[in-house]
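Only one structure is covered here, and it is reproduced in the block below.
Reminder, nothing fancy here: chain letters follow the sequence lines and each chain counts from 1. Only a predicted model underlies this, so the values are computations on that prediction, with no experimental measurement involved.
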Amino acid sequence: MHSPVKEQPKTEYKMSHQELSEQELIRRNSLQKLRELGIEPYPAAQYHVNATSADIKENYKEEANNFQDVVIAGRLMSRRIMGKAAFAELQDQEGRIQIYVNRDEICPGEDKTLYNEVFKKLLDMGDIIGVKGFAFITQMGELTVHVKEITVLSKSLRPLPVVKEKEGKTFDAFTDPEQRYRQRYVDLIVNPQVKDTFIKRTKIYNTMRQMFNEYGYHEVETPILQPIPGGATARPFITHHNALNMPLYMRIANELYLKRLIVGGFEGVYEFAKDFRNEGMDRTHNPEFTVMEIYVAYKDYKWMMEFTEEICERVAMALHGTTKVQLGEHIIDYKAPFPRVTMTDAIKEYTGYDISGKSEAELREICDKLGIETDETMGKGKLIDEIFGEKCEHNYIQPTFIIDYPVEMSPLTKKHRDNPELTERFELMVNGKELANAYSELNDPIDQRERFQDQLKLSEKGDDEAMFIDQDFLRALEYGMPPTSGMGIGMDRLTMFMTNSPSIQDVLFFPQMKPEKKAVELSEDEKKIFNLLQDDGEKQTYPLDELKIDSELSNKKWDKAIKGLTSKKVAKVENTDAGLTVTLL
RNA sequence: CGGCCUGUAGCUCAGUUGGCAGAGCAGCUGACUCUUAAUCAGCGGGUCCAGGGUUCGAAUCCCUGCAGGCCGACCA
């Protein structure tokens, strides 16, 4: 019988207390003292606030003598104590406001404990308090709340980074990217520009939602767990449903579901969708990201270009009050209309080659001449895509629609009304990157089936990103889908562009990170076994009997050490065909 | 996956040729009733990312690993 339940809390308790810093111990001590003074550091009752820092700052007028009975709450961000009086800053959702605390005013009687002990000693920066008082302007001219009453709302047990500022210069800023992303809550508390970026992000969503609703379109939700990951070419995450005993994929796109809804009779549907792609991560890619997809019946891609221009204009105006937005060294102007450039013209312009009507072999030759690497799995579509990606894409800094893509690289797109080699598709390029992707949706079920079959051939050729055949989607199309235009826009990228953020991590609250590993402390005997396992080549697996002999430990010591290693998740014991083995984790 | 850089106190960072672990802010003690990076005096605080190695001696040199950043590759 093992009893991990009994042992584990004990060690954890011990460990967590060993790790406490001096400042953390002092704060825990203050917490205790508050309770001894009859002050609950985590009160249950609601605290009725009647103003915010921004309210007071925007609307206080000395001559009007308003805000004479305000109640505000927030986090204590700085303190300047001068004997019997003190200034401090309180930070609420809207920002910071200075408060003035006078000993004899918060302690009118003989007992000065509330000021001398509670305010001066037991409260710290980072604590959340509520204050009741009146607004006034100090001799130095700063709008301040003169405190009459102070309430502890939440004691903070960890010291915050102290960021100071003078004349626009920031001192000791909390800048370590790892800590900022892992502890976004701290980042948000001490770096106001970070909060601003995320407020803008929400404003982008609200602006778009409002526009779509004005148009009468319908916001919907479609499955994230999909039996067939369709609608895009990308490697999916795979998971497993236990009760159904079947694999499920995390969606890489929601396109095929939204089109089913168009078949079902909705004439305009949209979804802000979290998509998941099991691919590389870099400055512009996170494994989970958000795409807004919209489908409108009886429209085509030309209409959708104008609609997309309106989105960009409205979003820029809502955020900045102008269509001109700073992005790195460029100023991007989202004023409509944006130029429309065909893919053929774009390639002609930047490479000199005319790709129209060229065969696969001819295209491969052009790639060779341009110094673009190719391989056997690449079809016509992919070759053209490579040329555009290598030689053209990065040139489109100002918003530009690239239109009329080759049919091979757009399996869900209607063939061009004038040229069957092309499709009615556009991508909106901004700052050399794809921001939106749209087409006149393919609604010919027989054509769609053939396109899927072409994808299947690509897949057999070795393209592991080619699309699966979604039979139910084809069945839906066979019932008839009205001519429809659809568009997808990368919300993370849009937010980056609109907030001048160089990295996707700056526009995601919680970007994906490898887990923090806690240093595991091992006993002498545990280390001995650990080292034996570590030295055992790459596999780091050892037959249990052999390991025990090699460790030269007594039965008792061996037992204790190996149990210690398994309970700390350093190694595991497995019962295999070959007998018991020990593997390093 | 490859190259470069980073990891030292709660935060921001120094740390010389390998020779006692440092500063500012924060913290603690005290002074101070309109300050604002408040000020003044004093004090405490370290798994130098982890594990090995070289050495009389390692934050520093070497190896391995972990985490992060930037660039590139792959990838839309």
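The 12-atom threshold is exceeded at NZ of Lys120(A), counting heavy atoms of other residues, nucleotides or ligands nearer than 6.0 Å.
Between A37(B) and Lys166(A), a contact under 4.0 Å exists linking OP1 or OP2 to a side-chain N or O. For the pair Arg80(A) and A38(B), the criterion of a side-chain N or O lying under 4.0 Å from OP1 or OP2 is met.
For the C1' atoms, the distance linking A9(B) with C49(B) amounts to 15 Å, nearest Å. Here the separation of A50(B) from A58(B), taken at their C1' atoms, is 16 Å to the nearest Å. Remark: the separation of the C1' atoms in U8(B) and C13(B) is 9 Å, to the nearest Å. G57(B) and G53(B) are spaced 15 Å apart, taking the C1' atom of each and rounding to whole Å. Using C1' as the reference atom, U54(B) and G15(B) are 22 Å apart when rounded to the nearest Å. Comparing C75(B) with C5(B), their C1' atoms sit 25 Å apart, to the nearest whole Å. Between U60(B) and G7(B), the distance separating the two C1' atoms is 14 Å to the nearest Å. Across C20(B) and G46(B), the matching C1' atoms stand 14 Å from one another, rounded to whole Å.
Atom NZ of Lys514(A) and atom P of G69(B) are 11 Å apart (whole Å). In this structure, CG of Leu20(A) is placed 15 Å from C1' of U47(B), rounded to the nearest angstrom. Counting to the nearest Å, the P atom of U39(B) and the NZ atom of Lys84(A) are 20 Å from each other. C34(B) atom P lies 6 Å from atom OH of Tyr100(A), rounded to whole Å. In this structure, CZ of Arg283(A) is placed 12 Å from P of A73(B), rounded to the nearest angstrom. Atom CE of Met409(A) is separated from atom C1' of C75(B) by 14 Å (rounded to the nearest Å). If you measure from atom CD of Gln139(A) to atom C1' of C34(B), you get 5 Å, rounded to the nearest angstrom. Straight-line distance from the CD atom of Glu390(A) to the C1' atom of C74(B): 12 Å, rounded to whole Å.
Along RNA chain B, the nucleotide nearest to Gln512(A) and the one nearest to His285(A) differ in position, and the one closer to the 5' end is contacted by Gln512(A). Toward the 5' end of RNA chain B, the nearer of the two residues Arg79(A) and Pro177(A), judged by each one's closest nucleotide, is Arg79(A).
Listed nucleotides C34(B), U33(B), G69(B) differ in distance to Ala85(A); the shortest reach to its side chain belongs to U33(B). Listed nucleotides A67(B), C70(B), C34(B) differ in distance to Gln505(A); the shortest reach to its side chain belongs to C70(B).
Shown here, A59(B) forms no base pair; nothing in the strands shown gives a Watson-Crick or G-U wobble contact with both key distances under 3.5 Å. Base pairing of C74(B) is not made with any nucleotide, judged by Watson-Crick or G-U wobble geometry with both donor-acceptor distances under 3.5 Å. U39(B) is paired with A31(B) under the Watson-Crick or G-U wobble criterion, all donor-acceptor distances under 3.5 Å. A50(B): Watson-Crick or G-U partner is U64(B), with both key distances under 3.5 Å. With a 3.5 Å ceiling on both atom-pair distances, the Watson-Crick or G-U wobble partner of C25(B) is G10(B).
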Which donor-acceptor pairs under 3.5 Å do side chains of residues 29-37 of chain A form with protein atoms, sequence neighbours excluded?
from     : atom 1 : to       : atom 2 : distance (Å)
Ser30(A) : OG     : Ile26(A) : O      : 3.0
Arg35(A) : NE     : Glu40(A) : OE1    : 3.4
Arg35(A) : NH2    : Glu40(A) : OE2    : 3.4

Please output the side-chain donor-acceptor pairs of residues 402-412 of chain A that fall under 3.5 Å, not counting sequence neighbours, one pair per line with the distance.
from      : atom 1 : to        : atom 2 : distance (Å)
Asp404(A) : OD1    : Tyr301(A) : OH     : 2.7
Asp404(A) : OD1    : His416(A) : NE2    : 3.4
Asp404(A) : OD2    : His416(A) : NE2    : 3.3
Tyr405(A) : OH     : Glu427(A) : OE1    : 3.4
Ser410(A) : OG     : Arg425(A) : NH1    : 2.8

Pairs under 3.5 angstrom only: tabulate donor-acceptor contacts from the side chains of residues 383-397 of chain A to other protein residues two or more places apart or in another chain.
from      : atom 1 : to        : atom 2 : distance (Å)
Asn395(A) : ND2    : Lys391(A) : O      : 3.0
Asn395(A) : ND2    : Cys392(A) : O      : 3.1

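For Glu24(A) against Leu157(A), the heavy-atom pair with the smallest separation is CG-O, 3.6 Å.
If you check distances only, the side chain of Gln98(A) does reach the base of U35(B) with a donor-acceptor pair under 3.5 Å.
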How does protein contact run along nucleotides 2-14 of chain B, one letter per nucleotide 5' to 3', with B for base contact, S for sugar-phosphate only, - for none, heavy atoms under 4.0 Å?
-> --------BSS--
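Residues satisfying the salt bridge (charged side-chain N to carboxylate O under 4.0 Å, His left out) test with Glu424(A), not counting sequence neighbours, are Arg417(A). Applying the side chain to side chain donor-acceptor pair (under 3.5 Å) test to Asp282(A) and every residue at least two apart in sequence or in another chain returns Thr284(A), His285(A). The side chain to side chain donor-acceptor pair (under 3.5 Å) test applied to Thr113(A) returns Asp111(A), not counting sequence neighbours. Judged as a salt bridge (charged side-chain N to carboxylate O under 4.0 Å, His left out), and not counting sequence neighbours, the contacts of Arg96(A) are Glu89(A).
Across all strands shown, Phe289(A) has no heavy atoms under 4.0 Å from either base or sugar-phosphate atoms. Note on Arg277(A): only backbone sugar-phosphate atoms sit closer than 4.0 angstrom, heavy atoms only; bases stay farther off. Across all strands, Glu393(A) comes closer than 4.0 Å to base atoms (heavy-atom distances). Counting any heavy atom pair closer than 4.0 Å across all strands shown, Glu142(A) reaches a base atom.
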Yes or no on side chain to side chain contact (heavy atoms under 4.5 Å, CB included) for Met496(A) and Val507(A), after CA distance, side-chain angles and deciding distance?
-> CA-CA 6 Å; Met496(A) 287 168 67; Val507(A) 300; 3.8 Å; yes
Assess whether side chain to side chain contact (heavy atoms under 4.5 Å, CB included) is satisfied between Arg451(A) and Leu442(A), documenting all intermediate values.
-> CA-CA 10 Å; Arg451(A) 304 275 197 100; Leu442(A) 178 55; 3.9 Å; yes
Interface polar pairs with nucleotides 29-31 of chain B, N/O, under 3.5 angstrom:
from   : atom 1 : to        : atom 2 : distance (Å)
G30(B) : OP2    : Lys121(A) : NZ     : 3.3

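The aromatic rings of Phe276(A) and Phe237(A) lie perpendicular to each other, with more than 60° between the two planes, well past the 30° mark.
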